[in-house]
Chemist: 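Okay, handing you the structure first.
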Amino acid sequence: MTDEDRQYSPLEQTRLEKLKRLQAMDHEPYPPRAERTHTSRAAIAAFEAAEGKEGVEPVRATLAGRIRSTRLMGKLIFAHIEDGEGRVQLFLRSNDVGDQALDLFKKEFDLGDFVQASGEMFRTKTGEVSLKVQSFHMLAKAITPLPAAKDEEIDGEVVRHAALTDPETRYRQRYADLAVNPDVRQIFKTRAAVLRALRQFLDERGFLEVETPILQPLYGGAAARPFITHHNQLHQDLYLRISFELYLKRLLVGGLERVYEIGRDFRNEGVDRTHNPEFTQLEFYMAYADYNDVMALTEQMIAFTAQQVLGATAITYQGQAVELAPPWRRMELKDGILELAGIDLDACPDAASLAAAMKVKGLAADPTAPRGKLIDALLGDVLQPTLIQPTILYNYPRDISPLAKNLPGDPTTVERFEFFIAGMEMGNAFTELNDPLEQEQRFLEMGRAYDAEKDEDYQPMDEDYLRAMRYGMPPNGGFGLGVDRLAMLLANQPNIREVMLFPHLRSREDA
RNA sequence: GGGCGCGUAGCUCAAUGGCAGAGCAGUAGCCUUUUAAGCUAUUGGUUACAGGUUCGAGUCCUGUCGCGCUCACCA
């Protein structure tokens, strides 16, 4: 869109006229630099520290922020500006700034503009620590008005009387959402604290943070359909990674004993309240550990993170009390299915008998699906919604776990677990398969069981990964965590989009 | 992809098939301690888009687009 065909709303046109008037009187509306001596909080603190002491100079300050409210009272103006730490009231009086400047503020300054103001801190008659302004200047004129109308402060709590609530506008214009909804800003501070805590936990245990390719010639490490892209110069199709697993385990071959990566995965799948096409994953791999060690570490890591972020392991998620402190409930997957779905897997040794048992229970069962996928469906549909308190389900079917090591003495089962909190699948882990010959067989089994053309869960053979493993891979435990879902849990948000700054939405011509 | 619901002023929302409205924001004023300031006046609409039914459509019907919930799919 060019300048010529951009349509400004009447409100925007009004502000553009103000902008021109400011320029006409040499009041630069977008100066290159600001002068700020104090944040809002620091200025108030400095005043309160000096207040009432003998012989102390008044606190002089230059504050900067966005105008959030104005109260025009003839020869007097009260206004609140907001910065990253909070709000502070400006007090402008014609006696101090002059009639001309007061008029300038009244006529040309709007809610949403960034300004700086200089003066002395003082306390108003009603007791609010404020800045008695002597001079002020525009820092950035806002053309488009912010959506929020007004806030009221009651007993220190900011009450929003009208604000941006439409989810579509909030996600498409996250900048406006953040600008007017402080609680949204808080969600992303919480999310950052979650990431800090996870890194701290792993760093303290000798894990090395690494970065591996996002553009990959082959995808793997999870059961998901990939996004495909293309490198022009190399004339090569590339996949956006669906997991980090196969690259991180190559690093164990190289002698890095404990590695982790926090980054973005991309899965070309459905979107719902717990799925976004791109999402943040944490994976770690730990040499000489097995899935029992990883279970213990998982409990500690999640409890540590909650403690760091919220100061407690007892949390409330969407009205439900959840206790994250270890020990968590642990059940074998087949016991969970027996207890919660009433189906005895030992009595259903093949896909046909299991599908029949599921139909008896009134559950949909795809008659063409392999047994492992049926079990996975049972797990997701029946067990998962009931798993509110942290729960580890362990020992998974081999045919849906091609990278996990066999459970000794049971050729159909692998040493794998998933953990669930608040009805969400939070993560997945296993004793990693490190036998290159068996790994090759597993890839071949997957190739036979899943049609590459039709089945999204098909995982291609990765010859380079097998070559790496043939050099010798130490036994190890691996772990994956949906970081966004953990952020949902700890920020008490019902939808993954609430913890992603720019969640994916369908394109619109007008947005 | 299926089902259900929603889309009206910058924001939040009204409007039995019968003149498209309110609060806040905006604009013009009054007001030297306000804080949702107050008071007076006032501007602002292709009712998402395209068709249809009707004397008359924001409202009913069809289609399209977008969003939400949900099912399917999917860690």
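Model, not experiment: these values are computed from the prediction. Reminder, nothing fancy here: chain letters follow the sequence lines and each chain counts from 1.
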Chemist: State which residues pass ring-ring contact (aromatic ring centres under 6.0 Å, His included) with Phe78(A); sequence neighbours excluded, sorted by chain then number.
Modeler: Phe91(A)
Chemist: If you measure from the P atom in rG56(B) to the same atom in rC19(B), how many Å do you get, rounded?
Modeler: 15 Å
Chemist: Can you tell me if Glu432(A) and Asn476(A) form a side-chain donor-acceptor pair at under 3.5 Å?
Modeler: no
Chemist: Quick one: is Arg71(A) getting a side-chain N or O under 4.0 Å of the rU34(B) phosphate, OP1 or OP2?
Modeler: no
Chemist: In whole angstrom, give me the gap between the P atoms of rA48(B) and rC6(B).
Modeler: 13 Å
Chemist: What interatomic distance, in whole Å, is found between P of rG21(B) and the corresponding atom of rU42(B)?
Modeler: 14 Å
Chemist: Taking CD from Glu269(A) and P from rA72(B), how many angstroms apart are they, rounded to a whole number?
Modeler: 15 Å
Chemist: Any pair with a residue in residues 380-395 of chain A that passes salt bridge (Lys or Arg N to Asp or Glu O under 4.0 Å), sequence neighbours left out, goes on the list, sorted by first then second residue, please.
Modeler: none
Chemist: Using 30° and 60° as the class boundaries, would you call the ring planes of Phe105(A) and Phe136(A) parallel, tilted or perpendicular?
Modeler: perpendicular
Chemist: Excluding sequence neighbours, so at least two apart, what forms salt bridge (Lys or Arg N to Asp or Glu O under 4.0 Å) with Arg398(A)?
Modeler: Glu438(A), Glu445(A)
Chemist: Taking the P atom of each, how far is rA14(B) from rG52(B), in whole Å?
Modeler: 30 Å
Chemist: Figure out the CD1/P separation between Ile67(A) and rA25(B), and round it to whole Å.
Modeler: 15 Å
Chemist: Extract from the structure each pairing of a protein N or O with an N or O of nucleotides 27-33 of chain B at less than 3.5 Å, listing the distance.
Modeler:
| unit_1 | atom_1 | unit_2 | atom_2 | d |
| --- | --- | --- | --- | --- |
| rU27(B) | OP1 | Lys18(A) | NZ | 2.4 |
| rC31(B) | N3 | Leu72(A) | O | 3.3 |
| rC31(B) | N3 | Gly74(A) | N | 3.1 |
| rC31(B) | N4 | Gly74(A) | N | 3.2 |
| rU32(B) | OP2 | Lys75(A) | N | 3.4 |
| rU32(B) | N3 | Asn95(A) | OD1 | 3.0 |
| rU32(B) | O4 | Asn95(A) | OD1 | 2.6 |
| rU33(B) | O2 | Lys125(A) | N | 2.9 |

Chemist: Can you check whether any acceptor in the base of rU34(B) is under 3.5 Å from a donor in the side chain of Gln89(A), or vice versa?
Modeler: yes
Chemist: Can you classify the ring geometry of Phe417(A) versus Tyr291(A) as parallel (below 30°), tilted (30 to 60°) or perpendicular (above 60°)?
Modeler: tilted
Chemist: If I pick the C1' atom on rG58(B) and the same atom on rU16(B), what distance separates them, to the nearest angstrom?
Modeler: 13 Å
Chemist: Round to a whole Å and report the spacing from CG of Asp272(A) to C1' of rC67(B).
Modeler: 15 Å
Chemist: How many whole angstroms separate atom CG of Leu146(A) from atom C1' of rU12(B)?
Modeler: 15 Å
Chemist: Given atom CG of Asp166(A) and atom P of rG7(B), what is their separation to the nearest angstrom?
Modeler: 11 Å
Chemist: Taking only side-chain N and O atoms of Asn495(A), does any of them lie within less than 4.0 angstrom of OP1 or OP2 on rC69(B)?
Modeler: yes
Chemist: Using ring-ring contact (aromatic ring centres under 6.0 Å, His included) as the criterion, list what pairs up with Phe266(A), not counting sequence neighbours.
Modeler: none
Chemist: Looking at every strand, decide which applies to Arg15(A) at a 4.0 Å heavy-atom threshold: base, sugar-phosphate, or nothing.
Modeler: nothing
Chemist: How long is the line joining CG of Leu164(A) and C1' of rA9(B), in whole Å?
Modeler: 15 Å
Chemist: Can you tell me, in whole Å, how much space there is between the P of rG3(B) and that of rA22(B)?
Modeler: 39 Å
Chemist: Work out how far the C1' atom of rA15(B) is from that of rU32(B), and round it to whole angstrom.
Modeler: 43 Å
Chemist: In whole angstrom, what separates Glu17(A)'s CD from rG26(B)'s P?
Modeler: 15 Å
Chemist: Which pairs, with at least one residue in residues 372-407 of chain A and sequence neighbours excluded, count as a ring pair (Phe, Tyr, Trp, His ring centres under 6.0 Å)?
Modeler: none
Chemist: Determine: side-chain N/O of Arg506(A) to OP1/OP2 of rC67(B), distance under 4.0 Å, yes or no.
Modeler: yes
Chemist: Please state the C1' separation for the pair rG44(B) and rC49(B) - nearest whole angstrom.
Modeler: 22 Å
Chemist: Can I get a per-line list of side-chain donor-acceptor pairs under 3.5 Å for residues 140-147 of chain A, giving both atom names and the distance, sequence neighbours left out?
Modeler:
| unit_1 | atom_1 | unit_2 | atom_2 | d |
| --- | --- | --- | --- | --- |
| Lys141(A) | NZ | Glu108(A) | O | 2.7 |
| Lys141(A) | NZ | Asp110(A) | OD2 | 2.7 |
| Lys141(A) | NZ | Asp113(A) | OD2 | 2.7 |
| Thr144(A) | OG1 | Glu12(A) | OE2 | 2.6 |

Chemist: Tell me every residue that passes ring-ring contact (aromatic ring centres under 6.0 Å, His included) with His275(A), counting only those two or more places apart in sequence or in another chain.
Modeler: none
Chemist: May I have the distance from Ile81(A) (atom CD1) to rU34(B) (atom P), rounded to whole angstrom?
Modeler: 21 Å
Chemist: Looking at every heavy atom in both Ala64(A) and Leu139(A), which two are closest together, and how far apart are they?
Modeler: CB-CD1, 3.8 Å
Chemist: Just the dot-bracket of RNA chain B, please: which string comes out with Watson-Crick or G-U pairs under 3.5 Å, [ ] for crossing, | for another strand?
Modeler: (((((((..((((....[..)))).(((((.......))))).....(((((..]....))))))))))))....
